[in-house]
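All remarks here apply to the structure that follows.
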Amino acid sequence: MNVRKTAAALAALSLSFGLAACGGGQSVDEACKVAESEVKDAMGDMTSIDATDTDKATDTVKSMSDALKKTQDKVENDKVKKAVGDLSTEFSELETVFADLKAAGSDTTKLTAVSEKMSTISQDVQAKGEKLDELCD
């Protein structure tokens, strides 16, 4: 099943988030310093996400999404705020996908659709993380 591959890809994304975060109301550099630890903390240990335990995975992703929203609130720089917000939105989408995964049960057709959606979202998460990295480089 492709869900494990997608979860592994999401875990790999956490590596790019280490220097990704940025803050606001200040310069981009100041904003990045503020948000760096916040985003790093929000991402936690993404390798712990077990897609086969949809309840726990959903809780973990929700926690990450909530932390990103709080980070966005702390950032005043518009560019950085938007980048963190875009990343937060993707995690909200991912939260929905895990709920869809649970609802799919053993229906192969639904599982395939959810897996494809998860793959797309993981690519979007990576793209948003890279955009944040570029901004805060």
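One distance of note links NZ of K79 with NZ of K131; it measures 10.0 Å at 0.5 Å rounding. Rounding to the nearest 0.5 Å places CG of L132 at 10.0 Å from CD of E36. Taken from CG in L94 to OG1 in T58, the straight-line distance is 8.5 Å, to the nearest 0.5 Å.
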Could you give me the CA-CA distance, side-chain angles and deciding distance for D66 and K62, then say whether salt bridge (charged side-chain N to carboxylate O under 4.0 Å, His left out) is met? CA-CA 6 Å; D66 291 346; K62 181 178 180 357; 3.1 Å; yes
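When each of E130, K128, Q123 is tested with Q126 by the rule side-chain hydrogen bond (donor to acceptor under 3.5 Å, both in side chains), just one qualifies, namely E130. Shown are D29, T71, L135; of these, the side chain to side chain contact (heavy atoms under 4.5 Å, CB included) with V80 is made only by L135.
Checked against side chain to side chain contact (heavy atoms under 4.5 Å, CB included), K56 has the following partners two or more places apart in sequence or in another chain: D53, T60.
Two residues are said to be in side-chain contact when any heavy atoms from C-beta on lie closer than 4.5 Å; F91 and K69 fail this criterion.
Every pair passing side-chain hydrogen bond (donor to acceptor under 3.5 Å, both in side chains) that includes a residue from residues 83-104 is listed here, sequence neighbours excluded: D55-K102, S65-S92, K82-D86.
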Validation: residues 105-113 side-chain donor-acceptor distances under 3.5 Å, sequence neighbours left out:
| residue | atom | partner | partner atom | Å |
| --- | --- | --- | --- | --- |
| D107 | OD1 | T109 | N | 3.0 |
| D107 | OD1 | K110 | N | 3.1 |
| T112 | OG1 | T108 | O | 2.9 |

